[in-house]
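So you know, we letter chains A, B, ... as the sequences are listed, proteins then strands, and number each from 1.
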Number of protein chains: 2
Amino acid sequence: MDHDDDTLVLLAPRARDTYEFIRHFFARHGRAPLLTEIAAGLGIRSKGTAHRYVQALAEAGLIEQRRGRHRGIRLREHTSATTLPLLGRIAAGRPIEAIPDEDCVDLSQFFMGPGRFILRVQGDSMVEAGILDGDMVVVERCETPADGDIVVALIDNEEATLKYLRRNRDGSITLVPANARLAPVTYNAERLRIQGVVVGQLRSYR
Amino acid sequence: MDHDDDTLVLLAPRARDTYEFIRHFFARHGRAPLLTEIAAGLGIRSKGTAHRYVQALAEAGLIEQRRGRHRGIRLREHTSATTLPLLGRIAAGRPIEAIPDEDCVDLSQFFMGPGRFILRVQGDSMVEAGILDGDMVVVERCETPADGDIVVALIDNEEATLKYLRRNRDGSITLVPANARLAPVTYNAERLRIQGVVVGQLRSYR
DNA sequence: ATTGAAAGTTCTCATAAAGTTCTCTATCCT
DNA sequence: AGGATAGAGAACTTTATGAGAACTTTCAAT
């Protein structure tokens, strides 16, 4: 685990570029790139140089080489990395579009932060906001949420609930579920304690 | 750790600044800074001076140096910043329940895996499955998805789309959207190429 | 099987950039 | 005064990177 992280750190910048390119190429084409394709992807003309980077990756243990073979690179996946390639946008009616700008998502950067924790959601009160029963939400402790935030609210120090927050003119607060079958409820500010704001949501299908 | 605190006390103020800068740089860029970047970060012009601080940190045991190498600094205390505490379950009508068993969620273990990538979702075809416009889905390359999986399907090598997969008796395949306003469509197996199965989904509210 | 184009491998060379070591100088503090 | 801390910058060594030549191997068409 740490070993893998270290390995990535050890790579020279261009070697890392090479690794990223190879991963993207695999994800997009389902096969290994040629050295000339790697070179073109890196914007260089020498396949010899590209080969040097490939060797560096092999020594670092990130890939395997079937030496001599055309397209002989094999990815050795390591599970502890925290970045996945962001391949593109999927829409109705279009092939997968490449996204040149943001080409990688770092899960730790995406969700980590001071004072954050995870809650597993039970119930359907937020289904229409795309938060389903069994999902996990990343919550950041926050005393002063903004209007419209999804918050974890403690009512009368007894019930905790996940709802949209709406501040009213008279100082009271309305908790609005995202479910047409449930009604918003208004509380005096004293009865509520906001425990945090939802900053992210995640779900696993496996 | 105590060790670190003790060590930190021994450091000169600017050496401590250097350490902080290096840690931040790692957190933000995922790699070591150059001496000139350290110098710039400290507001000084001499990379020689920056190097002196780096050496002090190495002697204090806070970092390791791969001498001579570009970006050769390695942090000793490797913060595995991919786990968040799983506080409990939030339900309608109950305080937050503590969960004694699984008390931590490792985001990388949650989503990482061989042959996975991320797509940003555009459109509403899967809203009723809790996948909204702008969400990201984690996709695993898989040629033989199971019935009922959410898949990335390429139709006629032209359109990529995100739908539920339903296999029919006659070998044809029906792609079922999770949106009442859209109708399922059935295709001959030859027209479809399944590019992957959705294994996870994530959303950021920030 | 043969064969030739294309791909992989191994080199060397050149150069820009980075790391290392050093000296000189100026503060600040006790 | 003397030591610790700081910054500047010169001089030197090493690394990272790219180009490309020369060679070997693979692969597919014949």
Requested in this report: Give a yes/no on whether any side-chain N or O of His51(A) is located under 4.0 angstrom from OP1 or OP2 of dT9(C).
Outcome: yes
Query raised in the report: Is Gln65(A) near enough to dT9(C) that one of its side-chain N or O atoms lies under 4.0 angstrom from OP1 or OP2?
Result: yes
Query raised in the report: Could one point to a donor on the side chain of Thr49(B) or the base of dA8(D) with an acceptor on the other under 3.5 Å away?
Result: yes
Query raised in the report: Can a donor-acceptor pair under 3.5 Å be found between the side-chain atoms of Lys47(B) and the base atoms of dG9(D)?
Result: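 Answer is no: no donor-acceptor pair is held.
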**Report entry** Trace of the side-chain hydrogen bond (donor to acceptor under 3.5 Å, both in side chains) decision for Tyr205(B) with Arg203(B)
**Finding:** CA-CA 7 Å; Tyr205(B) 288 96; Arg203(B) 181 187 307 147; 2.9 Å; yes
Report summary line: The side-chain contact (heavy atoms from CB on, under 4.5 Å) partners of Arg167(B) (sequence neighbours excluded) come to Pro145(B), Asp147(B), Leu165(B), Ile173(B)
**Report entry** Pairing residues for Val199(A) by the side-chain contact (heavy atoms from CB on, under 4.5 Å) criterion, not counting sequence neighbours
**Finding:** Arg116(A), Val138(A), Glu140(A), Arg206(B)
Report task. Specify the residues of residues 34-46 of chain B, ordered by number, for which at least one heavy atom lies under 4.0 angstrom from an atom of DNA chain D. Result -> Ile44(B), Arg45(B), Ser46(B)
Query raised in the report: Toward the 5' end of DNA chain D, which comes first, Arg14(A) or Ala15(B), by nearest nucleotide?
Result: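 It is Ala15(B) whose nearest nucleotide is closer to the 5' end.
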Separation of [N] [atom2] from [X] [atom1] (nearest whole Å):
X: Tyr53(A); N: dT15(D); atom1: OH; atom2: C1'; answer: 11 Å
X: Arg71(A); N: dT25(D); atom1: CZ; atom2: C1'; answer: 16 Å
X: Gln55(B); N: dA6(D); atom1: CD; atom2: P; answer: 15 Å
X: Leu57(A); N: dG8(C); atom1: CG; atom2: P; answer: 15 Å
X: Asp17(A); N: dA16(D); atom1: CG; atom2: P; answer: 14 Å

Query raised in the report: Do side-chain atoms of Asn188(B) reach the backbone of Ser172(B) as a donor and acceptor pair under 3.5 angstrom?
Result: no
Requested in this report: Without swapping roles, check the side chain of Asn179(B) against the backbone of Arg181(B) for a donor-acceptor pair under 3.5 Å.
Outcome: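 A pair under 3.5 Å: yes.
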Query raised in the report: Taking only residues two or more places apart in sequence or in another chain, which ones pass ring-ring contact (aromatic ring centres under 6.0 Å, His included) with His29(A)?
Result: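 ring-ring contact (aromatic ring centres under 6.0 Å, His included) list for His29(A), sorted by chain: Phe25(A).
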Report summary line: Across all chains, not counting sequence neighbours, the ring-ring contact (aromatic ring centres under 6.0 Å, His included) partners of Phe26(A) are none
Query raised in the report: Which heavy atom in Leu132(A) sits nearest to a heavy atom in Asp135(A), and how many Å separate them?
Result: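 Taking every non-hydrogen atom into account, N-OD2, 2.9 Å.
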**Report entry** Atom of Gly200(A), atom of Phe111(A) and distance for their closest heavy-atom approach
**Finding:** CA-CE2, 3.6 Å
**Report entry** Side chains of Val198(B) and Val151(B) in contact at under 4.5 Å (non-hydrogen atoms)
**Finding:**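 Side chain of Val198(B) against side chain of Val151(B), heavy atoms only: no contact under 4.5 Å found.
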**Report entry** Terminal helix-axis angle for the helix from dA1(C)-dT30(D) to dT30(C)-dA1(D), with five pairs defining each axis and rounding to 10 degrees
**Finding:**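 Roughly 40° between the end axes, to the nearest 10°.
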Provide a list of protein-nucleic acid N or O atom pairs under 3.5 angstrom, restricted to nucleotides 27-30 of chain D.
none

Query raised in the report: Checking all strands, does Gly68(A) fall into the base, sugar-phosphate, or nothing category for heavy-atom contacts under 4.0 angstrom?
Result: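 Sugar-phosphate: the residue Gly68(A), judged by heavy atoms under 4.0 Å, touches backbone atoms but no base.
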Any protein N or O atoms within reach of nucleotides 23-28 of chain C? Criterion: under 3.5 Å, listing atom names and distances.
none

Query raised in the report: With sequence neighbours left out, which residue pairs that include part of residues 48-58 of chain B fulfil the side chain to side chain donor-acceptor pair (under 3.5 Å) condition?
Result: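 Matches after skipping sequence neighbours: Ser46(B)-Thr49(B).
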**Report entry** Partners meeting side chain to side chain donor-acceptor pair (under 3.5 Å) with Asp156(B) (sequence neighbours left out)
**Finding:**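 Partners of Asp156(B) by the side chain to side chain donor-acceptor pair (under 3.5 Å) criterion, ordered by chain and then number, come out as Arg191(B).
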Distance-only criterion, 3.5 Å: show the donor-acceptor pairs between side-chain atoms of residues 61-75 of chain A and protein atoms not counting sequence neighbours.
unit_1: Arg71(A); atom_1: NH1; unit_2: Ala32(A); atom_2: O; d: 2.9
unit_1: Arg71(A); atom_1: NH1; unit_2: Glu37(A); atom_2: OE1; d: 3.0

Report task. Could you list the residues that satisfy salt bridge (charged side-chain N to carboxylate O under 4.0 Å, His left out) with Asp17(A), not counting sequence neighbours? Result -> Arg14(A)
